[in-house]
Each structure stands twice: as C-alpha cells, then as structure tokens.
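In what follows, chains carry the letters A, B, and so on, assigned in the order in which the sequence lines appear, proteins first and then strands, with residues in each chain numbered from 1.
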Amino acid sequence: MSIAAARPALFLSSTRLLQPWPGLKCTVYKLKSPAVFCQREKSSYTPPPAKYGGRHTVTLIPGDGIGPELLNHVRELFRFCCVPVDFEVVSVNSAASSEDDINNAVTAIKRNGVALKGNIETNHNLPPSYKSRNNLLRTSLDLYANVMHCQSLPGVPSHHKDIDVIIIRENTEGEYSSLEHENVSGVVESLKIITRVNSLRIAEYAFNLAREKGRRKVTAVHKANIMKLGDGLFLQCCKEVAAGYPDITFDDMIVDNSTMQLVSKPQQFDLMVMPNLYGNVVSNVCAGLVGGPGLVPGVNYGKDYAVFESATRNTGKSIANKNIANPTATLLAGCVMLDHLKLHAYARMIRKAVLKTLSETQLQTADLGGQCTTSEMVHSIMQEIQRGGPRTSGQI
Amino acid sequence: MIMATLTKALKPILGRQLGNAAKVFGAAVSNQRGKPTYTGQIIPPPAKYGGRHTVALIPGDGIGPELLSHVRELFRFSCVPVDFEVVNVNSSLTSEDDIKNAIMAIRRNGVALKGNIETNHIMPPNHKSRNNLLRTSLDLYANVMHCQSLPGVQTRHKNIDIIIIRENTEGEYSSLEHESVSGVVECLKIITRTNSLRIADYAFKLAREKGRRRVTAVHKANIMKLGDGLFLQCCKEVASGYPDIEFDSMIVDNTTMQLVSKPQQFDVMVMPNLYGNVVSNVCAGLVGGPGLVPGANYGRDYAVFETATRNTGKSIANRNIANPTAMLLASCLMLDHLKLYDYATMIRGAILTTMNKTRLHTVDIGGQGTTSEVVQSIMRNIESGGPLTTEI
C-alpha cells in the first residue's frame with residue numbers, strides 16, 4: 001500500500017500502458033513484481049484513481065420508474081456545483097430477456113469502480129429463469145455489504161424521534177440465492193444458503209464499521225431457534241468476530257422480537273447486522289420509522305466496487321414522471337458517493353443544503369405530507385448552495 | 001358416537017395407515033371432529049358428562065405457568081364449565097416424550113391452551129423446537145391473529161383492525177437444513193400447492209364470515225419466484241372464487257414499511273410462515289406490545305390457543321408484572337370456539353373494561369399495576385355485572 005501511495009504517477013502510467021490488453025492485465029502484474037499490482041486489490045478500499053484532469057468517472061444506471069428523473073436531478077445538481085464527476089450512463093432494459101444489458105452495466109462498473117443507480121424493475125410475470133437484474137448486479141460484483149444509515153431528520157414528521165441506526169445486511173447470499181426447484185409437482189423448495197466465509201466477512205465488516213464510527217453496540221438479528229444450522233452458523237460467526245472487538249458490546253435478537261422492538265422503542269438500537277432477508281424487512285421498517293422510502297440512501301460495498309442507490313430500492317412506477325417523487329434519498333446517495341470518492345467538501349455542501357431544504361415544511365414533497373414538486377425542491381437546494389457562497393475557488 | 005369408538009378401536013391396529021384405511025372403509029368411518037360444516041368450520045369436541053368440556057393446558061416456560069394459573073382462577077371464579085388437563089413439557093430434556101404426551105392429550109381433547117415452550121439455542125440442531133413439533137404434528141395449518149387498537153392503551157397509531165392469517169406448518173419452519181459442504185449451510189424453505197391453497201381458502205372463508213372487504217397476500221415473489229410465486233398463484237386462484245372480496249398482493253418489505261406508516265390501510269392479510277412471524281410482531285408492536293394480542297392456531301380437527309407473539313418472557317417470570325391480557329383474551333377465543341359465547345362475552349367485557357375504563361395497566365403498557373391486581377379488577381368487573389351463573 002505504501003509503495004503505491006509513494007509512486008502514484010508510475011502506477012498510473014503503467015496502468016495506462018497495459019490497458020489496451022485488458023486480458024493480460026492481472027497476469028502481467030503478477031509476473032512483473034509484487035509492487036506492481038492493481039491498487040484495488042488492497043484490503044482497505046481506495047477509490048479508483050482520478051482520471052486526467054482530476055475528474056472521476058462514475059457509472060450511472062437510470063433504472064425504471066422514478067430512477068431516470070431523479071438521477072437527472074442529481075446530474076443537474078452536480079453540474080451546478082461543478083462537482084468533478086462525469087457520469088457514464090448505461091441503460092438497462094428490464095423488459096428484455098437477454099442478460100446483455102446488465103452484463104454491460106457490470107462491465108462498466110468494473111471499469112469505473114463506482115456507480116449510482118436507480119432500481120431496475122423485476123416483472124413477476126416473466127418466467128423464473130429471468131433473474132432479478134439488481135440481484136445479478138450485486139452478486140456479479142460481489143457487493144457483500146449493504147449499509148443503510150437511518151437517522152431521524154429534523155423537520156420531517158414521524159412518530160418516533162432520535163432514531164440513529166446503522167443496518168448492515170449481507171447482500172449476496174441467504175434467501176436471495178435464486179436457487180429453487182420443483183422436484184415434485186406442487187412442492188417447491190427454495191434454498192437459503194448461509195456460508196461461513198460470507199458470514200465472517202459481513203461480521204468483520206460490521207465490527208470494523210462500528211469501530212470506525214465510534215459505535216458502542218452491535219446487534220445480530222437472526223432466527224436461530226428455528227433455523228438452527230443456517231442462522232446458527234451466522235450467529236456463531238458473529239460471536240467469533242465479536243471476541244476480537246472487546247470494546248464493542250455484542251448482543252443478538254430474534255427477528256420477530258427485533259421488529260416489535262423497532263416499532264415500539266427504536267432508540268435502543270445502535271448497529272445491526274443480519275442476513276439478507278431479515279435485512280430487507282428491518283431496513284424497510286426503519287425507513288418507514290424515519291419518514292418513508294424517499295429519505296434514506298443506501299450503499300452496496302464490495303471489496304473493489306461500490307454502488308449507491310436509495311436504501312429501500314423502490315422503483316416507484318406509480319409516481320414516475322409526475323414530478324412528485326422525493327429526491328432526498330437519491331441526492332443523499334450522491335453525497336455518500338462523493339464521500340467515498342474523497343470529495344468531502346462537495347459532499348458536505350450538498351448534504352447541508354438538502355437537509356436545510358428538507359427541514360422547511362413548505363418544501364416537502366407529497367410523501368412527507370407537503371405540496372412541493374421534485375423540481376421545486378431541487379431548485380431550492382441549488383439556491384441554498386448558491387447562498388453558501390462561491391465554493392469552486394475557495395475550499396476545495 | 002359409534003363411528004368415533006370404531007375409529008378409536010382401529011387406531012392401535014392400523015396406526016399410521018389409519019388415514020388410508022379410513023378412506024378404504026368408507027367416508028362413514030370418520031372422526032366426528034373432522035367433519036367440516038358447510039362453512040368449513042370445525043365442530044368442537046362434544047361436551048363430556050355433565051356439560052363440562054375438558055381442555056388440555058400446557059403451562060410452558062417463563063410467564064406461561066403464572067398466567068395460565070390466573071386463567072384457571074378466573075374460570076373457576078366465573079363458573080365456566082371447563083376442566084383443564086395439565087400436561088407439563090420440560091424444555092430442557094432432549095427426549096421427545098413430553099411433547100408427544102402433550103400432543104396425545106390435545107388429540108384426546110381437541111382443544112388446548114398453551115404457554116410458549118422455550119427453545120434453547122445452545123442445544124444441538126436435532127433438538128427441534130417443541131412448539132413447532134406440536135404445530136406440525138397436529139397439522140395446525142392456520143395461525144390467526146386479530147390485531148385491534150384498544151382505546152385505553154396509548155399507541156402512536158390509532159384505529160388499527162387487521163386480521164393476520166399465517167401459514168403455520170411449512171415455509172421456512174420446515175426444520176430441514178443440511179451442511180453438505182463444510183461451512184456452507186442450506187436451509188430448505190418448502191412451499192406446497194396443497195398447503196397454499198388450503199391457507200388461502202381459509203383466509204377467504206374467514207374474510208367472508210367476518211364481513212371483511214379485502215385480502216392482501218404478502219410475499220417476496222420477485223426474488224423467490226418459484227416458491228412465493230406458487231403461493232401467490234394459489235391465492236389468486238382462490239380469490240377468483242370469491243368475487244365479493246377484493247384481493248391484492250404486496251411485497252413483504254413494502255408491507256412492513258406501510259404498516260409502520262399507515263397501518264389503517266390493511267384489512268385481512270395472508271402470508272407464508274416467516275413473513276407471518278415478522279408481520280404479526282410488527283402489528284403487535286403497533287397496538288401496544290406482546291402482552292395484548294391473543295393468537296389461535298387452527299387445524300382441521302384441533303385448535304390451540306396462545307398469545308399471538310409466542311413470547312416466553314423469561315426475564316419477567318414470577319415477578320407478578322406480566323400482562324395477563326393476551327392470555328386471558330386467548331382463553332376467551334377458546335370459549336368462543338367451544339360455543340360458550342356468553343362466558344366469553346362476559347370475560348372479554350370485563351377485561352376491556354379494566355383496560356379502557358378503569359385503565360389499570362401493567363408495566364409494559366406504561367402503568368403501575370401488577371398481574372394479580374389486574375386479574376382482581378377483572379374479577380370485580382365480572383362480579384359487578386350481576387350474578388350471571390344462574391342465568392346461563
């Protein structure tokens with residue numbers, strides 16, 4: 001890691017030289033010398049190197065429903081703030097049965113390292129061989145950790161106050177393995193896969209993040225009283241990892257009790273780690289508690305790649321193109337992405353403007369009970385940024 | 001009666017093949033309990049001599065024993081014609097004899113009232129959950145939970161009235177897991193056509209009976225296309241036979257989010273086992289907690305009543321602070337099932353008066369009362385209703 005940091009120019013040039021032969025890249029590196037290896041293969045993630053001129057390239061997948069319009073707003077806002085990010089747009093047609101589109105998107109993300117996406121619709125009426133495109137993307141890129149930071153935002157009406165929960169959800173296996181079969185007619189077996197390797201990995205990630213963010217307690221959510229081997233393995237892996245972090249309290253809770261506690265006393269939770277399906281349910285419950293699906297951004301982290309989207313992954317077909325969708329989740333996801341690319345000043349600027357606009361009730365969209373349209377809200381965010389003063393020359 | 005004795009006589013001889021034998025000998029030789037009425041309701045077991053029913057009572061662990069003794073105390077006080085046959089199940093033993101005795105007692109009596117039996121995680125995987133064993137052996141395929149906002153209880157959401165019907169025997173709770181490769185565990189989630197049709201049928205019949213307008217199926221068919229896809233398809237097929245009832249479906253993550261923001265939109269919900277577990281706990285949390293909602297497990301021939309969220313409550317056991325409402329309301333459901341409607345109405349009325357008018361609440365809903373104080377208050381309410389025992 002230190003070698004790479006000390007001689008970045010050398011690495012960049014050797015990367016560019018070898019780029020025309022993508023197939024040879026990794027092999028050549030290994031033969032040459034251990035020092036010449038891809039910056040991405042290191043254990044702590046470093047963002048992809050900025051391209052020429054200091055501008056990053058990020059893959060943008062519009063998706064369906066409200067995705068395209070909200071991502072347009074993101075691009076508009078980034079252009080307005082002069083954020084040094086270029087978007088490479090890759091469209092994925094959810095109605096096509098061939099997997100070429102999603103494979104292109106995956107290749108683009110492998111190339112750029114970072115992506116911002118809208119949700120791609122999965123039509124139930126298509127045959128079972130048609131896999132969920134979002135799921136394919138996550139498993140191909142091995143984005144094993146889904147992180148959702150749920151915070152009560154001031155000014156947003158909700159039944160509960162002072163919620164601050166980080167939910168870490170295993171993103172690649174569990175119930176979402178898409179392995180099902182019908183051996184006997186009328187009897188379907190769905191396989192839920194839990195592996196030791198992935199459970200250890202997600203638990204490590206959770207405890208690392210907890211330590212990084214100064215969190216005191218990690219709660220594992222499971223159903224090990226019924227699924228003894230499966231969730232029992234998950235729980236055991238969490239306990240093993242917890243032993244290596246004595247400064248962080250670890251406890252576990254069964255998923256039904258967790259959801260009941262979340263609904264009555266969500267303030268008791270700090271950081272929660274869980275397998276895929278429980279993560280889905282719990283993150284949606286938390287999103288509902290802080291004000292709805294339009295407010296919370298979510299991130300999918302892998303060893304080499306990161307994909308940013310709204311936490312609850314809604315397509316929002318019924319409100320598409322009506323200019324009433326809440327852009328907050330997508331804009332905050334954009335901010336998290338800027339933090340990831342180490343453009344912290346831009347991230348802070350945009351996030352502050354978004355939260356300030358949100359706390360004014362007359363500028364809230366319909367899902368929060370307001371009357372504002374999406375474009376009005378984005379416009380007022382831009383005004384708020386402008387009011388902050390000329391940033392491009394000053395603080396970056 | 002003759003048929004019942006004939007079946008009982010054949011049982012030891014034929015054992016497991018009884019089902020086939022019954023089909024062979026003719027539809028006439030069938031247990032009276034299995035005969036559904038035209039609405040599909042099961043007939044309660046016949047009252048024993050003297051008009052008194054016998055009900056199996058499984059105390060369970062944690063707060064179960066103390067709450068069930070309060071139930072017995074209350075029934076004795078109200079002169080309810082029910083005798084309890086107590087069957088203890090020791091959850092720390094590895095042998096399955098205890099639970100088998102309990103199952104036999106329930107088969108004998110037809111109805112049971114139970115507390116939750118603890119499942120210790122530390123035990124080896126072949127030690128199956130006792131509650132689950134009970135449900136699958138007796139084929140109690142429908143778990144019904146009626147979630148209602150009680151006016152006297154402080155909650156963030158008002159006017160909730162949801163019936164949750166959860167498939168109770170298959171799905172993720174099949175306890176079929178294996179570790180073919182070291183470090184890789186496969187859990188099988190089983191969805192079958194027959195069980196899905198059965199639970200959907202039950203849901204629509206119940207909706208019609210109770211005059212409900214809409215049934216919502218909760219699923220995750222975008223990911224589990226074959227499994228939940230089959231469940232959803234079965235629900236749609238059954239829905240087409242009930243044109244007066246509206247049917248829609250919702251994905252489980254969206255459902256939980258909607259429940260937390262706008263629970264008043266839901267009417268009747270039907271779903272497979274695991275989603276049922278989560279959704280029923282969310283709803284219980286919304287109306288005030290696990291101490292308030294009763295649950296019933298119905299099968300073709302048997303019915304078992306318990307609290308809806310099946311909590312053992314180990315941390316509050318024997319401290320006289322547990323909320324007896326859920327267990328008492330479960331016993332009222334049992335009385336309704338045994339067609340002792342007057343007693344059920346009387347006890348339920350007294351419980352709701354204590355909850356809403358007197359507002360004597362236990363700690364879990366923000367009050368100061370102890371369990372025995374609440375039960376005493378309920379008994380006083382029954383007494384003040386006048387001498388009912390002579391009128392019934």
Largest heavy-atom contact set with chain B, pairs under 4.5 Å, which of [options]:
options: A:N257, A:N284, A:V197; result: A:N284
options: A:I193, A:V255, A:N134; result: A:I193
options: A:K131, A:H159, A:H181; result: A:H159
options: A:D231, A:T259, A:I194; result: A:I194
options: A:L191, A:L233, A:N280; result: A:N280
options: A:T195, A:L262, A:L179; result: A:T195

[X] portion near chain B, given a 4.5 angstrom heavy-atom threshold:
X: A:T312; answer: side chain
X: A:L229; answer: both
X: A:L200; answer: neither

| field | Short side-chain to backbone donor-acceptor contact, A:E189 and B:L188, under 3.5 Å | value | no
| Is a side-chain N or O of B:E177 found less than 3.5 angstrom from the main chain of A:G230, in a donor-acceptor match? | yes
| field | Atom CD of B:E237: over 12 foreign heavy atoms under 6.0 Å | value | yes
Using heavy-atom distances under 4.5 Å, tell me whether [X] contacts chain A through its side chain, its backbone, both, or neither.
X: B:L197; answer: neither
X: B:K262; answer: neither
X: B:N311; answer: side chain
X: B:V252; answer: side chain
X: B:L286; answer: both
X: B:F231; answer: neither
X: B:T309; answer: side chain

In terms of heavy-atom pairs under 4.5 Å with chain A, which of [options] leads?
options: B:P290, B:C234, B:G229, B:G289; result: B:P290
options: B:V279, B:N132, B:V184; result: B:V184
options: B:V278, B:T255, B:D253, B:V260; result: B:D253

From [atom1] ([X]) to [atom2] ([Y]), nearest 0.5 Å:
X: A:N225; Y: B:R310; atom1: CG; atom2: CZ; answer: 11.0 Å
X: B:K189; Y: A:K192; atom1: NZ; atom2: NZ; answer: 10.0 Å
X: A:E182; Y: B:T192; atom1: CD; atom2: OG1; answer: 10.5 Å
X: A:S264; Y: B:I365; atom1: OG; atom2: CD1; answer: 12.5 Å
X: B:S280; Y: A:M260; atom1: OG; atom2: CE; answer: 9.0 Å

| Can you list the steps and then say if B:V185 with A:M227 is a side chain to side chain contact (heavy atoms under 4.5 Å, CB included)? | CA-CA 10 Å; B:V185 175; A:M227 283 174 265; over 6 Å; no
| query | Minimum heavy-atom separation for B:E172 to A:I226, with atom names? | reply | O-CG2, 4.2 Å
